[in-house]
Amino acid sequence: MVKYMKLKGGKHFRQRLVLSTLSGTPISIEEIRADETWPGLRPHEIKLLRLIDEISDGGAVVLNETGTKLKYSPGVLICGKRPDAFDCGLSRSIGYFLEPLIVLGLFGKKSLEIKLKGITNDSKDPTVDTFRTTTLNIVKRFGIDSEGVDLKIVNRGAPPLGGGEVILKVPMVESSLSAVTWIDEGMVKRIRGTTFSTRVSSQFENTMIHAARGIFNRLLPDVHIFTDHKAGDKAGKSPGFGISLVAETTSGCFISTDTAVSYARGEDDEDDERKELMPPEEIGEQAASMLLGEIEQGGVVDSTHQGLLFLLCALCPQDVSKVRVGKLSPYAIETLRHIRDFLGVKFVITPDPSTETVILKCVGCGLKNLSRKFS
């Protein structure tokens with residue numbers, strides 16, 4: 001008889017699936033959006049289940065008709081090189097699937113290589129550029145072979161029709177991650193960025209860069225923002241443009257923000273043909289201001305990466321990890337709760353009033369890459 005961990009509600013589905021898979025804990029979730037007009041799991045959540053099923057072996061998923069009850073027992077993570085591209089659908093961007101994949105890929109039987117199709121840049125999830133410049137650098141901190149981690153952007157795809165394509169490579173961990181003490185955030189020494197535009201004038205990118213540099217140049221000289229104008233098939237199926245910025249500090253931290261603009265996903269009627277998009281100057285300024293806000297907050301990662309940072313700390317060997325973050329985001333707080341429930345790891349949280357940051361300490365759960373042993 002399988003003993004399920006009982007959970008309720010449709011929130012934080014991604015975290016629950018990832019932690020359930022890593023810790024080998026079967027979960028049963030009830031009342032998933034049971035009272036909403038569209039009850040049950042969303043299309044992207046079902047895609048995520050399929051994706052995890054694709055890279056693992058021997059798992060079981062039972063879903064009721066309305067999608068409001070789910071029973072999931074995790075299998076063994078195989079990973080390896082996937083022959084077929086995985087279509088992430090159009091309800092969320094590829095960024096939604098990358099974070100779980102990066103963590104799961106580390107604990108596979110073989111190194112992961114997978115091609116994902118869908119939306120590469122939107123305003124909801126971290127864009128693929130942010131993953132390439134920031135997320136992968138955070139993961140490398142935990143003693144992962146930096147040659148093996150890679151994200152290649154083949155085609156761009158903006159919402160609503162997508163058409164983007166990326167190839168993700170994640171090496172498996174030899175035995176376990178290595179614990180980190182990472183509390184020195186350093187000073188910002190340079191700012192890098194990438195703009196993209198698909199099916200719109202490439203002039204939009206220069207405008208965004210000019211606007212962003214107008215803010216940064218008053219503060220530091222070393223600002224380089226690269227353009228990435230795609231044409232033809234490489235541009236996907238919808239018009240869109242955006243910018244992703246990353247600040248690199250003297251102690252090797254990466255703080256990033258990104259934003260993208262595109263036409264809404266078919267919710268509105270065709271009558272009001274096209275709503276006005278936000279002009280590129282404003283996008284450039286908004287992204288730059290957001291980045292300055294993240295830097296001001298302090299911490300060794302930006303607020304979107306807090307959850308991932310805590311998860312990696314918790315998966316380390318039984319050794320103390322110590323990290324500094326700015327204000328805890330609601331997502332990060334939920335991550336801490338889930339880490340406690342699934343992995344039994346508790347963080348000691350100490351506010352540092354002088355800098356208005358928070359220092360978190362934990363002893364990892366010592367998750368070893370067990371999938372490797374059987375091969």
Side-chain angles (χ1 to χ4, degrees), residues 94-95 98-99 101-103 106 120-121 125-153 166 168-171 177-178 180-196 209 212-213 215-216 219-226 228 242-260 287-313 321-329 331-332 335 355 357-360:
I94 293 175
L98 283 174
E99 190 180 312
L101 267 181
I102 286 174
V103 181
L106 296 172
T120 54
N121 299 71
D125 296 293
T127 62
V128 288
D129 303 282
T130 301
F131 265 91
R132 215 176 56 187
T133 54
T134 308
T135 313
L136 297 181
N137 280 317
I138 291 173
V139 174
K140 286 174 191 172
R141 271 266 147 130
F142 289 82
I144 284 145
D145 166 30
S146 58
E147 291 297 299
V149 191
D150 184 41
L151 179 69
K152 185 173 173 222
I153 302 168
V166 302
L168 173 72
K169 291 183 182 163
V170 183
L177 299 170
S178 45
V180 294
T181 300
W182 192 13
I183 43 181
D184 173 22
E185 57 228 320
M187 304 297 274
V188 174
K189 63 175 175 181
R190 57 171 169 235
I191 289 177
R192 293 287 177 267
T194 310
T195 58
F196 85 95
I209 292 173
R213 289 190 64 123
I215 291 179
F216 292 141
L219 305 165
L220 81 168
D222 190 353
V223 180
H224 278 286
I225 303 174
F226 302 95
D228 182 13
I243 180 167
S244 112
L245 297 168
V246 55
E248 199 179 324
T249 71
T250 47
S251 61
C253 304
F254 294 85
I255 307 288
S256 64
T257 57
D258 55 36
T259 178
S289 312
M290 275 163 43
L291 184 64
L292 294 178
E294 286 286 0
I295 295 168
E296 184 187 12
Q297 217 171 246
V300 294
V301 297
D302 52 67
S303 51
T304 44
H305 286 95
Q306 290 176 1
L308 177 72
L309 178 70
F310 300 156
L311 181 56
L312 289 169
C313 289
S321 281
K322 191 170 168 188
V323 291
R324 179 195 298 273
V325 295
K327 188 172 169 236
L328 285 172
S329 68
Y331 182 78
T335 309
T355 55
T357 53
V358 188
I359 291 178
L360 290 96

If I compare all heavy atoms of [X] with all of [Y], which pair ends up nearest, and what's the gap?
{"X": "C253", "Y": "V300", "answer": "CB-O, 3.5 Å"}
{"X": "I225", "Y": "A212", "answer": "CD1-CB, 4.0 Å"}
{"X": "F196", "Y": "A260", "answer": "CE2-CB, 4.1 Å"}
{"X": "T257", "Y": "A287", "answer": "OG1-O, 3.4 Å"}
{"X": "Q306", "Y": "A332", "answer": "OE1-CB, 3.3 Å"}
{"X": "F254", "Y": "T134", "answer": "O-CG2, 3.5 Å"}

So, taking the atom named [atom1] in [X] and the one named [atom2] in [Y], what distance separates them when rounded to the nearest 0.5 Å?
{"X": "I359", "Y": "K322", "atom1": "CD1", "atom2": "NZ", "answer": "5.5 Å"}
{"X": "T195", "Y": "D258", "atom1": "OG1", "atom2": "CG", "answer": "13.0 Å"}
{"X": "I183", "Y": "L360", "atom1": "CD1", "atom2": "CG", "answer": "11.5 Å"}
{"X": "F131", "Y": "L151", "atom1": "CZ", "atom2": "CG", "answer": "8.5 Å"}
{"X": "Q297", "Y": "I255", "atom1": "CD", "atom2": "CD1", "answer": "9.0 Å"}
{"X": "L136", "Y": "D150", "atom1": "CG", "atom2": "CG", "answer": "7.5 Å"}

Do any N or O atoms from the side chain of [X] and from the backbone of [Y] form a donor-acceptor pair under 3.5 angstrom?
{"X": "T249", "Y": "E185", "answer": "yes"}
{"X": "S321", "Y": "V180", "answer": "yes"}
{"X": "T250", "Y": "M187", "answer": "yes"}

Check whether any side-chain heavy atom of [X] sits under 4.5 Å from a side-chain heavy atom of [Y], and report yes or no.
{"X": "V246", "Y": "T130", "value": "no"}
{"X": "T135", "Y": "L98", "value": "no"}
{"X": "H305", "Y": "S256", "value": "yes"}
{"X": "T304", "Y": "Y331", "value": "no"}
{"X": "T120", "Y": "T127", "value": "no"}
{"X": "V166", "Y": "R132", "value": "no"}
{"X": "L106", "Y": "V139", "value": "yes"}
{"X": "I138", "Y": "W182", "value": "yes"}

Could you check whether atom NZ of K169 has more than 12 heavy atoms from other residues, nucleotides or ligands sitting under 6.0 Å from it?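 Result for NZ/K169: open.
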Given V188 and F216, is the side chain to side chain contact (heavy atoms under 4.5 Å, CB included) satisfied, shown in steps? CA-CA 11 Å; V188 174; F216 292 141; over 6 Å; no
With side chain to side chain contact (heavy atoms under 4.5 Å, CB included) as the criterion, how do S303 and K327 come out once you've worked through the C-alpha distance, each side chain's angles and the decisive distance to 0.1 Å? CA-CA 8 Å; S303 51; K327 188 172 169 236; over 6 Å; no
Where do I144 and V149 land on the side chain to side chain contact (heavy atoms under 4.5 Å, CB included) test, with the steps shown first? CA-CA 8 Å; I144 284 145; V149 191; 3.7 Å; yes
Audit row: V128, N121, side chain to side chain contact (heavy atoms under 4.5 Å, CB included) steps and yes/no: CA-CA 7 Å; V128 288; N121 299 71; 4.2 Å; yes
Looking at R324 and D184, does any basic side-chain N land under 4.0 Å from a carboxylate oxygen? no
